Amino acid sequence: MGAVPVLTVAASVLGATQAAAASASINLSASRQSIKGFGGMSHAIWAGDLTAAQRDTAFGNGDGKLGFSILRIPINENQSDWSRDLATAQRAVALGATVFASPWNPPASMTETVSGRKRLKYGSYGAYAQHLNDFNTYMRNNGVNLYAVSVQNEPDYATDWTSWTATEIVNFLKQNAGSINTRVIAPESFQYVKSMSDPILNDPAALANVDIIGAHLYGTPYSNFPYPLFQQKGAGKELWMTEVYYPNSNANSGDSWPEALDVGEHIHHAMVDAQFQAYVWWYIRRSYGPMREDGQISKRGAIMAQFARFVRPGYLRIDATANPASNVLVSAYKGGDTVVIVAVNKNTSSASQQFTLNTTASGSVSNWVTDGSRNVAAQGAVTMSNGALTVTLPARSVTTFVANVSGSSTPSPSASASASASASASASASASASPTASPTPSQTPSAGTGARVAYTMNTWSNGFTASISITNTGASTIDGWTLTFTLPSGQSITSGWNATFSPASGQVSARNVSYNGTLAPGATVDIGFQATHTGNTAEPTAFTLNGIPCTVV
């Protein structure tokens with residue numbers, strides 16, 4: 001696949017007894033699921049709200065940050081409690097994160113106890129759908145455009161909250177979920193119990209009204225991670241892991257080592273075996289969580305950041321030799337010309353590892369490591385030659401490599417990945433920031449043969465967010481794009497995601513970032529921004545992509 005690579009590596013990772021070398025093949029042209037991101041839960045009533053500094057640590061994407069791009073919040077049963085999680089959600093959106101919400105209980109007036117089981121009254125299904133809509137409207141009116149709402153958190157565990165049978169969920173989805181004015185998640189089984197989600201996938205009417213199959217992974221063995229029925233019937237739907245802590249929440253802290261390394265193994269299997277598009281932890285700030293109670297990142301958090309900071313929303317997972325050597329796990333991802341390889345070495349000794357990419361690209365490869373003494377620490381660059389790279393993985397570590405493969409082939413998603421990516425692409429609010437040390441590809445925009453633009457505003461007193469979906473309606477791939485439009489008078493952009501916006505007002509150009517510059521025919525990319533206004537909340541009337549007028553829908 002290429003010439004013998006030249007090795008440049010920091011001296012600190014050399015000198016240990018090394019495990020036997022093995023090759024891991026990375027296939028840039030074989031893509032799997034699109035990635036929505038990594039994140040966690042904030043529940044102000046139960047765990048206290050995050051502070052301003054902690055929000056920036058959670059959703060920022062530089063050194064010392066977690067790089068989270070997803071926030072989960074509760075849908076409290078009482079409307080008077082809805083404001084409790086608003087500040088964190090607003091800041092997460094401002095930093096480019098996707099926000100979704102899950103309920104534990106409907107309003108008390110809608111529930112009843114039957115045979116010792118608390119359930120939603122069958123006659124209250126319509127009122128409950130309106131309750132979810134009211135929450136979505138409240139958040140939107142306060143600057144948070146929810147990506148999705150769940151029907152119920154852990155309906156099959158439900159010892160302390162409302163329970164649902166699989167049949168009840170299917171009936172609600174068929175009869176009422178179509179009236180919910182954002183995406184719908186179900187069933188959020190506590191243990192990825194397939195008997196809770198199989199009935200949804202097997203009922204076309206219910207499946208039509210759900211957008212995301214959500215699951216939790218408490219005690220779920222790796223052998224149960226794959227979901228063939230979803231791969232068979234889930235076209236156009238997303239697959240998210242919406243809650244877990246791993247391996248435990250006992251007296252061990254999130255800094256316990258090498259226990260925290262198990263988080264890296266768990267994420268690997270969730271991405272590779274289960275093909276989840278999102279990985280969401282339970283409480284963001286907790287003794288056993290990614291952030292300690294003092295607001296500092298824990299070892300578990302550093303392991304999550306090895307994925308979250310570098311595998312950004314919109315990236316595609318690509319084929320890689322998942323287990324090239326004993327206790328070595330590899331996954332790979334591609335966004336534009338950027339390739340990210342995450343390698344977990346659970347061995348007690350260092351391991352020599354070769355990666356072979358099907359590209360002729362050469363150059364320096366940035367890398368970061370978390371082990372017993374380091375947290376997402378930048379290392380000396382290694383060198384890739386004609387797509388070949390040999391490195392030393394420190395003992396008990398996670399290492400993330402970021403390479404530029406400019407000029408190589410762009411992956412064409414498989415059928416299931418294409419459908420999933422399309423579902424993901426309709427209204428994402430994901431972060432555009434890339435790690436500072438990541439390579440930035442040099443792209444030359446090429447004119448497309450057509451594009452469709454959907455522009456959605458959510459306004460409040462003196463501000464708004466705008467979500468923009470760009471779809472390539474032409475027959476040719478667009479390689480590098482710039483969307484141009486004019487903001488109405490008095491509007492000024494303060495922050496954006498998934499694109500570089502310049503200038504802040506007047507005629508604005510939104511240029512692709514490193515991971516979303518290629519738009520295949522039929523593909524959609526989501527970008528957006530937050531802005532202020534002085535009373536004028538009109539929308540732009542015209543858009544051009546690479547100088548070509550767009551169809552506005």
Side-chain angles (χ1 to χ4, degrees), residues 33 35-43 46-47 58 66-72 102 153-154 156-157 188-194 213-227 239-293 296-309 311 317 322-323 327-331 342-346 370-372 375-376 396-400:
Q33 78 270 29
I35 302 301
K36 194 66 184 176
F38 303 83
M41 176 90 188
S42 181
H43 197 311
W46 290 356
L66 284 168
F68 282 177
S69 52
I70 297 178
L71 169 66
R72 184 185 186 221
S102 300
N153 171 75
E154 296 183 355
D156 50 343
Y157 185 80
E188 286 203 282
S189 163
F190 82 103
Q191 204 169 58
Y192 207 7
V193 176
K194 305 301 197 297
I213 298 297
H216 299 179
L217 294 178
Y218 292 111
T220 310
Y222 292 144
S223 59
N224 287 351
F225 275 30
Y227 199 0
L239 185 63
W240 286 27
M241 197 291 293
T242 55
E243 182 187 314
V244 78
Y245 52 73
Y246 188 87
N248 53 53
S249 64
N250 60 20
N252 292 347
S253 76
D255 285 315
S256 180
W257 190 266
E259 183 182 82
L261 192 58
D262 291 343
V263 175
E265 180 180 19
H266 197 258
I267 296 176
H268 168 89
H269 288 294
M271 296 292 106
V272 174
D273 300 344
Q275 299 192 58
F276 285 119
Q277 295 171 259
Y279 186 98
V280 182
W281 193 268
W282 180 221
Y283 291 132
I284 294 174
R285 187 194 64 218
R286 207 64 164 179
S287 62
Y288 54 84
M291 183 187 295
R292 303 192 314 238
E293 293 290 353
Q296 299 302 305
I297 293 175
S298 69
K299 279 294 185 185
R300 289 183 178 184
I303 295 296
M304 287 193 71
Q306 293 278 161
F307 290 85
R309 278 184 53 191
V311 182
R317 186 177 69 84
N323 189 200
N327 292 318
V328 175
L329 303 169
V330 173
S331 60
V342 185
V344 180
N345 179 21
K346 297 199 72 180
T370 294
D371 59 10
N375 286 349
V376 202
R396 287 178 169 166
S397 68
V398 177
T399 310
T400 303

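Just the heavy atoms: all of them, side chains too, but no hydrogens, waters or symmetry mates, feed the values below. None of the values given here were measured: they were computed from a predicted structure.
Side-chain contact between R286 and S298 is absent, with no heavy atoms from C-beta onward closer than 4.5 Å. Side-chain contact between D156 and F190 is present, with at least one heavy-atom pair separated by less than 4.5 Å. Side-chain contact check for H268 versus V342: every heavy-atom pair is 4.5 Å or farther apart. The side-chain heavy atoms of M271 and F38, taken from C-beta on, include a pair separated by under 4.5 Å. Side-chain atoms of Y283 and Y288, non-hydrogen and from C-beta on, do get closer than 4.5 Å to each other. Residues Y222 and H266 have side chains in contact (heavy-atom distance under 4.5 Å, counting atoms from C-beta outward). Side-chain contact check for M41 versus T242: every heavy-atom pair is 4.5 Å or farther apart. V344 is not listed as a side-chain neighbour of Q306, based on a closest heavy-atom distance of 4.5 Å or more.
Under the salt bridge (charged side-chain N to carboxylate O under 4.0 Å, His left out) criterion, E154 pairs with no residue, sequence neighbours left out. Listed by chain and number, the residues in a side-chain hydrogen bond (donor to acceptor under 3.5 Å, both in side chains) with R317 are Q33 (sequence neighbours excluded). With sequence neighbours left out, R292 forms a salt bridge (charged side-chain N to carboxylate O under 4.0 Å, His left out) with D255, D294.
Atoms CD and OG, on E293 and S287 in that order, are 6.5 Å from each other to the nearest 0.5 Å. Here NE2 of H216 is found 5.0 Å from CG of N153. Values are rounded to the nearest 0.5 Å. Of the inter-residue distances, the one linking N224 atom CG with K194 atom NZ reads 5.5 Å to the nearest 0.5 angstrom. Taking CG of L239 as the start and CD of Q277 as the end, the distance is 6.5 Å to the nearest 0.5 Å. Interatomic distance, I213 CD1 to Y227 OH, rounded to the nearest 0.5 Å: 6.5 Å. Note that CD of E188 and CE of M241 are 10.5 Å apart. Values are rounded to the nearest 0.5 Å.
Between H269 and F225, the ring planes are perpendicular. Angles over 60° get that label, and only those under 30° would be called parallel.
Scanning both residues, A260 and I303, for their nearest heavy atoms gives O-CG1, 3.7 Å. Residues A322 and V272 share a closest heavy-atom pair of CB-CG1, 4.2 Å. Looking at every heavy atom in both residues, V376 comes nearest to A302 through CG2-O, 3.6 Å. D262 approaches P247 most closely through the heavy-atom pair OD2-CG, 4.1 Å. Residues K36 and S69 approach most closely at O-OG, 3.8 Å, considering heavy atoms.
For the side-chain hydrogen bond (donor to acceptor under 3.5 Å, both in side chains) criterion with E243, the lone passing option out of W282, W281, Y218 is Y218.
Defined by atom type and a distance below 3.5 Å, a donor-acceptor pair is present between the side-chain atoms of N248 and E259.
In terms of modelled atom types and a separation under 3.5 Å, the side chain of R285 and the main chain of A47 share a donor-acceptor contact. One N or O on the side chain of N323 and one on the backbone of V328 form a donor-acceptor pair closer than 3.5 Å.
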inquiry  = Applying side-chain contact (heavy atoms from CB on, under 4.5 Å) to L71 and I284, what does each step give before you reach the verdict?
reply    = CA-CA 9 Å; L71 169 66; I284 294 174; 4.1 Å; yes
task = Determine, stepwise, if the pair Y279 / Y246 fulfils ring pair (Phe, Tyr, Trp, His ring centres under 6.0 Å).
result = CA-CA 12 Å; Y279 186 98; Y246 188 87; 9.0 Å; no
inquiry  = side-chain contact (heavy atoms from CB on, under 4.5 Å) for K299 and L261? Distances and angles first, verdict last.
reply    = CA-CA 8 Å; K299 279 294 185 185; L261 192 58; over 6 Å; no
request  = Using the side-chain contact (heavy atoms from CB on, under 4.5 Å) rule, take F276 and L217 through it: C-alpha gap first, then chi angles, then the decisive distance, then the call.
outcome  = CA-CA 11 Å; F276 285 119; L217 294 178; 3.9 Å; yes
